[in-house]
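Here is the structure we will look at.
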Amino acid sequence: MDWNALEQKWIKAWNEEKLFESTPDGRKKFFVTFPYPYMNGYSHLGHFYTLMRVEAFARYKRLRGFNVLFPQGWHCTGSPIEAAAQRIREKEEKQWKIMRDMGFPDKEIEKFGKPEHWVEYFPVEYRKDYERMGLAIDFRRSFITTSLNPRYDKFIQWQFRKLKEKGYVAKGRHAVVWCPKENTPVGDHARVEGEGETPQEFVLLKFRFDDAFLIAATLRPETVFGQTNLWVGPDITYVKADVDGETWIISEPAVKKLQEQDHAVRVVGKLLGKDLLGKKAVAPMIDRDIPILPASFCNPDKGTGIVTSVPSDAPDDYIGLRDLQRDKVLQQRHGLDAAMVDAVKPIPIIVTKEYGDQAAVKVVEDMKIKSQHDRAKLDEAKHLVYKAGFYAGTMGVAAGKHAGKPVKDVKDVIRDELVKKKQATLFYELTGKVVCRCLTQSVVKIVDNQWFVTYGDKKWKKITHQALNKLTLYPEKARQQFDYVLDWLNDWACTREYGLGTKLPWDQNWVIESLSDSTLYMAFYTISHLLEHVPVDHINDALFDFVFLGLGNVPSVPHASEMRKEFLYWYPVDFRNSGKDLIQNHLAFYIFTHTAIFHKSHWPAGIGVNGWVTVDGEKMSKSKGNFLLLRDLPPKFGVDPSRLTILSGGESLDDPNWDSELARTVSNKLESMHEFCVEHHDKGRADVKAIDKWFVAKLGQLAKECTDAMELTLFRTAIQKGLFELQSVLKWYLKRCGIPNKKAINQYITTQILLLAPFTPFICEETWKAIGKEGFVTNAAWPRGKEAKPEDLASEDVVRLVLDDVRQVLNIVKKEKPARITLIVADTWKHDLFKLLSQHKTIKNPGELIRTVMATALRQHGEEVTKILPKVMNKLPDALLTAEIEHAALKDALDFFEKEFNCPVVVQKESESQEPKAKQALPGKPAIVVA
RNA sequence: GCGGAGGUAACGAAGCGGUCAAACGUGCCGGAUUCAGGAUCCGGUGGCUUAGGCCUUCGCAGGUUCGAAUCCUGCCCUCCGCACCA
């Protein structure tokens, strides 16, 4: 089949008819959206799956009579485009390679040095791809984001002014990864080293030391009660510095870090670690004198280069202490008093079931760690101790008023107490080394004019929960995750100093960050095609207030009333679908923002989430070479087969798998489906046989099951029912019916085309037309189906079962050409028994069931009943036939059996049969004798 | 570690207390048709079996039950997220 020609033909036809340009009318509406993709590369298979879920749902709803709106915008906000452009300009190898891999010649790549070029280039390509895939999108409403689109820009400004009015935008302090040379934050994309590293909160403990403080950084403030000593590196140079009016002793590199974190630091002197050894300092919280001892693991680049020692709960400290206590030479070299060193003993502070009250000691001894140089083992030990201590431990008596409480509950309390007493202060350190693109090592900076959207606001959370409770989730089981996320979300830094976007209206130094500008824009779709025709200077807050909130009089702006009408008609969004990874940010933000700005009736009505695409069982990645772009699909597989394949790959939250093999074979399947329909339409006999009724009942049943699946966006199941099962039912029918019944086969054909239409619209249009239907199948009416009654299917079930069973028998006896086959229908008393059993389905105990049966006239077959009952009690057919009907059904199928087995077939009743096997017969399962 | 979703035959994936050796699809094997087929059709695809049966399987180990892939407990493994990034 020439898929390409077919696709072009129908895309053209749809476009000419403006099929997907949706306008408000009297019908019920259905509004779907796919989050606008980011314009820094071509659309790929991952998009395609999510997109197809939206598309299939949209087309299905259209068939169900809804006026469907499916718009699509293009996202350009944020730093990746700008960063990539910069890398192009800087001729960075990696970025150039990415562009070459996308198929751009070097001359073209140059152009991508300008961020604007990305924004001009990719939306066009995306539209081509999406149109090519047959997506039912109203492209009149497409737009790009950022200030490059002044209308959208104004909308985002309006949105942020609204949020601020409501008190949901606030200024605050924020720790960021910072380049001290360029004086900018260093995002992941701008790093040559250290992707994924983030600022981590440390507590700086202050140890009184004469008129100064020794400063030690810790991640575990709750362990202050077990401090026994301090560690310094004997050969490390420390500085004495004036910090915010106090004198601190810290390592040299710590000075710069503190300065970036809002501390006034002035170095006043230097000293070596060994100068401090043997002296004592007063430990915070416990107010005790503790000695200063040497350790090899002190690192001037980490924290302050001074470490507080808690040997009970820090393996490093314990082993450091043990090493030192055993090493008299070392003690002497540093002039340490042996008695003092030996007097240092771990102090139990945290109790865990696994490790008792001195976890570090226990773990180090258990693991037989030899010295502080055994890094790998020590790290493992640290991990074990921390895990047990923090999550499962409780504070011991040494913790005073905190004794008996879970560690994870009091950690922050103790930290705050220390800070309040001015015995500690907070400090941020990177989780790992980060190097900026300018090759400078990054630090943590506290920015105090950062803007936040206050998702941490309790009242706002409560309202958002209400919105969540009201909306439909596809699938429902994602709800728990949503609920959790709404509670867990905290204030979100919503502005950047760098990147494309909309400037924060009241603070032009900031650009609104990409996840923050994409929370309300679905409303923009309802008016974007009209707003296009409004001069930019007419667009202001009053207009948006009117259109989206119904505030004020009709502004004297072209289309103002019409825009209001569009918004009221289309909103809320009925289905917004994305990958499950977006639950914790985008989708949550989306609900939040809607509740903040829009009326309740415009809050999201439905959200879908889905898994991550794999390709032929493997994760899709560029390095594996299995990275499929949308544009690769049509030439390789055809659009319809691709659409069907991607949705067959999985559903719900599972990761769907793209099966290339299926894509190839399904193409043939669709083609023969088409040929069959064309060939058989409106042909056949007029008289109605039992098998025709069965077929029609099955068609109704499958259409019903398919419909149920569609409603839940279980598209894999829908395809299963609507294509594969329907085909196998058809096959059986054709095998059984002789010449098909005209009405039945016509019903099959329309059912088949319509059930497939949301998935494979091209071939369906073609078939639809070929069988002489008017108009587009895209606009036809969906067959909702009808549940079949089991008794309508039961006769045929017997025939199918007999066919299978005879085959099995023939297989076992290895007889290929039987001389004759006898089918024996069970006695009426067995049918009575089955009927009785089906009335007592609730009785699950065989003994009780036998007793029940024996209480009836069936007692006269007592012996046999006892024998067969346990075997059959759980295998009753869906519907029971009488012996007569079963007999008739088999007789009716004699021709069929004889043809299938190529031998004479006879049907008998058990009572008239001479065959010894006759008594094996059961209702719905005749005895079989092959000769 | 936490929150969520999962682990089923060669693979993808249904099933979620009894009709389960387990739908459907792909792959594979055999047959038919064909000059030919990556086309179509038919049959097979855990093991044993000359009568529709039996045996072993649904991450691992226990348990509940007359009965467990399905329920409970513990453990192991995979995926998503744990943030200021799209």
Side-chain angles (χ1 to χ4, degrees), chain A residues 35 37-38 40 75 77-81 174-176 185 187-189 196 198 383 386-388 390-392 408 450 452-453 455 475 477-485 487-496 513-516 518 579-586 609 611-612 614 616-617 619 648-662 664-669 671-672 716-717 719-721 723-725 728 731 735 801-802 804-815 844-847 870 872-878 900 917 920 924-925 927-930:
Chain A
Y38 195 68
N40 66 339
H75 203 193
T77 308
S79 45
I81 287 178
H174 182 54
V176 296
D188 263 345
H189 58 271
T198 50
H383 189 68
Y386 184 74
K387 209 165 79 176
F390 182 69
Y391 294 102
K408 60 175 187 291
Q450 172 68 50
F452 291 87
V453 178
Y455 298 122
K477 69 177 161 197
R479 192 171 290 280
Q480 284 218 61
Q481 181 75 348
F482 270 98
D483 261 315
Y484 174 82
V485 165
D487 286 328
W488 158 88
L489 261 177
N490 216 328
D491 295 355
W492 179 268
C494 63
T495 51
R496 286 300 102 82
E513 167 272 342
S514 82
L515 279 169
S516 302
S518 57
K580 59 186 173 185
D581 53 322
L582 292 194
I583 294 174
Q584 27 279 314
N585 45 51
H586 169 69
V609 280
W612 279 50
T614 56
D616 297 321
K619 219 172 179 175
S648 300
E651 63 194 7
S652 193
L653 255 28
D654 297 338
D655 292 340
N657 180 50
W658 166 271
D659 184 346
S660 301
E661 231 20 87
L662 176 65
R664 268 183 272 272
T665 58
V666 93
S667 167
N668 298 319
K669 196 158 207 120
E671 203 171 327
S672 50
R716 208 197 66 86
T717 303
I719 291 168
Q720 173 77 28
K721 303 285 178 193
L723 176 60
F724 296 115
E725 289 192 25
S728 94
K731 244 188 225 170
K735 211 152 58 162
L801 189 76
V802 166
D804 278 353
D805 280 357
V806 172
R807 271 209 188 111
Q808 231 182 97
V809 171
L810 289 176
N811 245 327
I812 292 165
V813 301
K814 304 209 163 55
K815 188 172 275 194
K844 294 298 181 191
N845 188 301
V872 303
M873 59 179 286
N874 294 313
K875 298 189 183 185
L876 298 179
D878 290 336
E900 280 296 312
K917 281 194 195 305
Q920 279 187 14
K925 194 173 168 67
I928 295 163
V929 181
V930 298

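Below, chain A is the first sequence line, B the second, and so on; all start at residue 1. Quick caveat: nothing in here was measured; it's all calculated off a predicted structure.
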(request) Determine the contact category for A:Lys917: base if any of its heavy atoms lies under 4.0 Å from a base atom, sugar-phosphate if only primed atoms, P, OP1 or OP2 are that close, otherwise nothing. (result) base
(request) Quote, to the nearest angstrom, the C1' distance that separates B:C20 from B:A9. (result) 13 Å
(request) Give none if B:G46 has no partner; otherwise give the nucleotide forming a Watson-Crick or G-U wobble pair with it, both distances under 3.5 Å. (result) B:C55
(request) Look at all strands and tell whether A:Ala927 reaches a base, only sugar-phosphate, or nothing, counting heavy atoms closer than 4.0 Å. (result) base
(request) Could you tell me whether the phosphate oxygens of B:G43, OP1 or OP2, come under 4.0 Å of any side-chain nitrogen or oxygen in A:Arg807? (result) yes
(message) Using every non-hydrogen atom in the two residues, find where A:Asn490 and A:Tyr455 come nearest and quote the distance to one decimal.
(response) O-CB, 3.6 Å
(message) Using the side-chain heavy atoms of A:Asn668, tell me which of these nucleotides is nearest: B:A86, B:U40, B:A51.
(response) B:U40
(message) Does B:G25 have OP1 or OP2 under 4.0 Å away from a side-chain N or O of A:Ser648?
(response) no
(request) Give A:Ile583 one of three labels, base, sugar-phosphate or nothing, depending on what nucleic acid heavy atoms sit under 4.0 Å from its own. (result) nothing
(request) Please tell me which of A:Arg664 and A:Gly649 maps to the more 5' nucleotide of RNA chain B, matching each residue to the nucleotide holding its nearest heavy atom. (result) A:Gly649
(message) Would you measure the distance from the C1' atom in B:G15 across to the matching atom in B:U57 and give it in whole Å?
(response) 16 Å
(message) I need the NE2-C1' distance between A:His586 and B:A83, as an integer number of Å.
(response) 16 Å
(request) Ignoring hydrogens and angles, state whether a donor on the side chain of A:Thr495 or A:Glu513 is under 3.5 Å from an acceptor on the partner side chain. (result) no
(message) Taking the C1' atom in each of B:C58 and B:A14, what is the distance between them to the nearest angstrom?
(response) 12 Å
(request) Quick one: look up who B:G81 pairs with, Watson-Crick or G-U, both distances under 3.5 Å, and put none if it's unpaired. (result) B:C2
(request) Could you tell me the separation between the CG atom of A:Leu662 and the P atom of B:G38, rounded to a whole number of Å? (result) 19 Å
(request) Sticking with atom P, work out how far B:G6 lies from B:A13, rounded to a whole angstrom. (result) 13 Å
(message) Counting only side-chain heavy atoms from C-beta out, which of B:A51, B:C24, B:A86 sits nearest to A:Gln720?
(response) B:C24
(message) Base, sugar-phosphate or nothing for A:Thr665? Non-hydrogen atoms, less than 4.0 Å.
(response) sugar-phosphate
(message) Measure NZ/A:Lys580 against C1'/B:C80 and give the value in whole Å, please.
(response) 5 Å
(message) Using Watson-Crick or G-U wobble geometry with both distances under 3.5 Å, which nucleotide pairs with B:C41?
(response) B:G31
(request) Could you tell me the separation between the CD atom of A:Glu651 and the OG1 atom of A:Thr717, rounded to the nearest 0.5 Å? (result) 3.5 Å
(message) Tell me which nucleotide, if any, is Watson-Crick or G-U wobble paired with B:A14 when both distances must be under 3.5 Å.
(response) none
(message) Tell me whether the side-chain N/O atoms of A:Lys721 come closer than 4.0 Å to OP1 or OP2 in B:A14.
(response) no
(request) Compare the minimum distances between each of B:U26, B:C79, B:G52 and the side chain of A:Ile928, then state the nucleotide with the smallest one. (result) B:G52
(request) Determine yes or no for a side-chain-to-main-chain donor-acceptor pair under 3.5 angstrom, with A:Gln584 supplying the side chain and A:Asp581 the backbone. (result) yes
(message) Taking atom types as they are modelled, would you say the side chain of A:Asn657 forms a donor-acceptor pair with the base of B:G12 within the 3.5 Å cutoff?
(response) no
(message) When the C1' atoms of B:C11 and B:A32 are compared, how many Å lie between them, rounded to an integer?
(response) 28 Å
(request) Tell me which nucleotide among B:G27, B:C24, B:G52 gets nearest to the side chain of A:Gln920. (result) B:G52
(request) Report which part of the nucleic acid A:Val666 touches: base, sugar-phosphate, or nothing (heavy-atom distance under 4.0 Å, all strands). (result) nothing
(message) For B:G4 and A:Gln480 - does any side-chain N or O of the residue sit under 4.0 Å from the phosphate oxygens OP1/OP2?
(response) yes
(request) Ignoring hydrogens and angles, state whether a donor on the side chain of A:Thr614 or A:Asp655 is under 3.5 Å from an acceptor on the partner side chain. (result) no
(message) Does B:C85 have OP1 or OP2 under 4.0 Å away from a side-chain N or O of A:Arg496?
(response) yes
(message) Can you measure A:Leu582 atom CG to B:C82 atom C1' for me and round it to whole angstrom units?
(response) 15 Å
(request) Let me know, please, whether A:Lys477 or A:Phe724 comes out on the 5' side of the other along RNA chain B by nearest nucleotide. (result) A:Lys477
(request) Once you apply the 3.5 Å cut-off to both distances, tell me the Watson-Crick or G-U wobble partner of B:G62, or none. (result) B:C72
(message) Closest approach to the side chain of A:Trp492, judged atom by atom: which nucleotide of B:G6, B:C85, B:C80 is it?
(response) B:C85
(message) In whole Å, I'd like the distance from the CG atom of A:Asp655 to the P atom of B:C80.
(response) 7 Å
(message) Between P on B:G4 and CZ on A:Phe482, what's the gap in Å once rounded to a whole number?
(response) 15 Å
(message) Within the 4.0 Å heavy-atom criterion, would you say A:Asn40 contacts the bases, only the backbone, or no part of the nucleic acid?
(response) nothing
(request) Just compare B:G38, B:A83, B:C42 and give me whichever is closest to any side-chain atom of A:Asn490. (result) B:A83
(message) I want to verify a distance call: between B:C85, B:A51, B:G81, whose nearest atom is closest to the A:Val809 side chain?
(response) B:A51
(message) Just N and O in the side chain of A:Lys735: are any of them under 4.0 Å from OP1 or OP2 of B:G43?
(response) yes
(message) As a test of reading the structure: which of B:C85, B:C2, B:G52 is closest to the side chain of A:Tyr484, going by heavy atoms?
(response) B:C2
(message) Give me the distance, rounded to whole Å, that separates B:C77 from B:A83 when you measure between the C1' atoms they each carry.
(response) 27 Å
(request) Give none if B:A22 has no partner; otherwise give the nucleotide forming a Watson-Crick or G-U wobble pair with it, both distances under 3.5 Å. (result) none
(request) Could you check A:Ser518 against A:His75 for side chain to side chain contact (heavy atoms under 4.5 Å, CB included), going step by step and ending with a plain yes or no? (result) CA-CA 8 Å; A:Ser518 57; A:His75 203 193; 4.3 Å; yes
(request) Provide the distance between the two P atoms, one in B:G3 and one in B:G12, to the nearest whole Å. (result) 28 Å
(request) Look up atom CG in A:Leu582 and atom CG in A:Leu515, then write down how far apart they are to the nearest 0.5 Å. (result) 8.0 Å
(request) Please state whether the phosphate of B:A14, meaning OP1 or OP2, lies under 4.0 angstrom from any side-chain nitrogen or oxygen of A:Thr717. (result) no
(message) Looking only at the side chain of A:Arg716 (C-beta and beyond, no hydrogens), which of the listed nucleotides B:A86, B:A83, B:A14 gets closest?
(response) B:A14
(message) Heavy atoms only, 4.0 Å cut-off, all strands: where does A:Val930 land among base, sugar-phosphate and nothing?
(response) base
(request) Go through the side-chain N and O atoms of A:Trp492 and A:Asn585 and say whether any donor and acceptor fall under 3.5 Å apart. (result) no
(request) Specify the separation, in whole Å, of atom CG of A:Asp805 and atom C1' of B:U19. (result) 13 Å
(message) Side-chain N or O of A:Lys731 versus OP1/OP2 of B:C42: is the shortest distance under 4.0 Å?
(response) yes
(request) Please check the phosphate of B:U40 (OP1 and OP2 only) for any side-chain N or O of A:Lys669 closer than 4.0 Å. (result) no
(request) Mind calculating the distance between CD (A:Glu900) and P (B:A32) to the nearest angstrom? (result) 17 Å
(message) Taking only the P atom of each, what is the distance from B:U78 to B:A23 in whole angstrom?
(response) 29 Å
(message) Checking A:Ser648 against A:Leu662 for the side chain to side chain contact (heavy atoms under 4.5 Å, CB included) test, could you report, in this order, the C-alpha distance in whole Å, the side-chain angles of both residues, the deciding distance, and whether it holds?
(response) CA-CA 9 Å; A:Ser648 300; A:Leu662 176 65; 3.8 Å; yes
(message) From C-beta outward on A:Lys619, which listed nucleotide comes closest to its side chain: B:U40, B:G81, B:C80?
(response) B:C80
